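Encoded as structure tokens, the structure appears first; notes follow it.
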Amino acid sequence: MTERPAQPAPLRPAAPRDPVVVVVAGALYDRGRLLAARRSAPVELAGRWELPGGKLEPGESPEEALIRELREELGVEVEPGERIPGEWPLKPGYVLRVWTARLLSGEPRPLEDHDALRWLSRSELDSVDWLDQDRPAVAEAARRLPAV
Ligand code: C5P
């Protein structure tokens, strides 16, 4: 009796992964300070501070999304720099990724989603009530604060 050659395991389609919504935020630096933005909505986040940004739209690169979000929210033009390594969970299905960014033109104003902005030096970083989910990203961003 001839032995049949071993059959390769049948290919199974890869298990579908849960789609994740990527939120990009900017660590915007100016003269040794980091920009913090106070959310005005939704109600459960209002009054807490974050790195400004928002959801990636279909077909956009993260850098394009960051440029668009900071233009819409703050009225400024920025140049994205490096991605800060790491990815932080937000609400279920959402993750936060952060890029450093350099101000090219404009003075940030709280145009959308925020009601206050502050430029924080290293020693002032703990003086605002950051969103819990932003704290690890802020700590990483603070490590990259350029010396003045
Ligand atoms: O600003 P936008 O509503 O597009 O952000 C999408 C979600 O990402 C918000 O619900 C907010 O909870 C979250 N977010 C965050 N930290 C940031 C930016 C956004 O938790 N720095």
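Atoms within a ligand are numbered from 1 in the order they appear, just like the ligands themselves. Fair warning: this is a prediction, and the values are worked out from it, not measured in the lab.
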If the cut-off is 4.0 Å to any non-hydrogen atom of [X], which atoms of ligand 1 fall inside it?
X	answer
Asp113	1 (O)
Val23	8 (O), 18 (C), 19 (C)
Gly53	1 (O)
Glu50	14 (N), 15 (C), 16 (N), 17 (C), 18 (C), 19 (C), 21 (N)

Open item on the list: Using a 4.0 Å heavy-atom cut-off, which part of Glu112 comes near ligand 1: side chain, backbone, both, or neither?
Closed with: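 Neither part.
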Open item on the list: Is there a salt bridge (Lys or Arg N to Asp or Glu O under 4.0 Å) between Arg68 and Glu72? Walk through the geometry before answering.
Closed with: CA-CA 6 Å; Arg68 175 184 53 74; Glu72 290 170 2; 3.5 Å; yes
Open item on the list: Apply side-chain contact (heavy atoms from CB on, under 4.5 Å) to residues Leu131 and Trp49 and explain how you reach the verdict.
Closed with: CA-CA 6 Å; Leu131 286 171; Trp49 293 75; over 6 Å; no
Donor-acceptor pairs under 3.5 Å, side chain of residues 136-148 to any protein atom, not counting sequence neighbours: which ones?
| from | atom 1 | to | atom 2 | distance (Å) |
| --- | --- | --- | --- | --- |
| Glu140 | OE1 | Arg143 | NE | 3.3 |
| Glu140 | OE1 | Arg144 | NH1 | 3.1 |
| Arg144 | NE | Glu82 | OE2 | 3.3 |
| Arg144 | NH1 | Glu140 | O | 3.1 |

Open item on the list: Could you go through Leu34 and Leu51, starting from their C-alpha distance and side-chain angles, then the distance that decides it, and tell me whether this counts as side-chain contact (heavy atoms from CB on, under 4.5 Å)?
Closed with: CA-CA 9 Å; Leu34 176 68; Leu51 299 174; 4.2 Å; yes
Open item on the list: Tell me the nearest of Val21, Leu45, Leu90, Val24 to atom 12 (O) of ligand 1, using heavy-atom distances.
Closed with: Leu45
Task: Shortest reach to atom 2 (P) of ligand 1 by a heavy atom, considering only Gly54, Ala65, Ala37 - done: Gly54
Starting from [atom], which protein heavy atom do you reach first, and at what distance in Å?
atom	answer
atom 10 (O) of ligand 1	Lys91 NZ, 3.0 Å
atom 9 (C) of ligand 1	Arg39 NH1, 4.0 Å
atom 20 (O) of ligand 1	Gln133 NE2, 3.1 Å
atom 15 (C) of ligand 1	Asp134 OD1, 3.7 Å

Open item on the list: Quick check: Pro52 and ligand 1, any N/O pair under 3.5 Å apart?
Closed with: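 Between Pro52 and ligand 1 (N or O atoms, distance only) the closest approach is not under 3.5 Å.
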Task: Between CD on residue Glu107 and CG on residue Leu117, distance to nearest 0.5 Å - done: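 Taking CD in Glu107 and CG in Leu117, the distance rounds to 9.0 Å.
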Task: Leu103 side, atom CG; Arg31 side, atom CZ - distance, nearest 0.5 Å - done: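 Interatomic distance, Leu103 CG to Arg31 CZ, rounded to 0.5 Å: 9.5 Å.
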Open item on the list: Just to check, does Glu73 reach to within less than 4.0 Å of ligand 1 when the distance is taken from its heavy atoms?
Closed with: yes
- [ ] Taking atom types as modelled, find out whether Glu124 and Ser127 have a side-chain donor-acceptor pair closer than 3.5 angstrom.
- [x] no
TODO: Answer yes or no: is there an ion pair linking Arg39 with Asp129, defined by an N-O contact shorter than 4.0 Å?
DONE: no
Task: Carboxylate-amine/guanidinium contact Asp30 Arg102, below 4.0 Å - done: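 Salt bridge: no.
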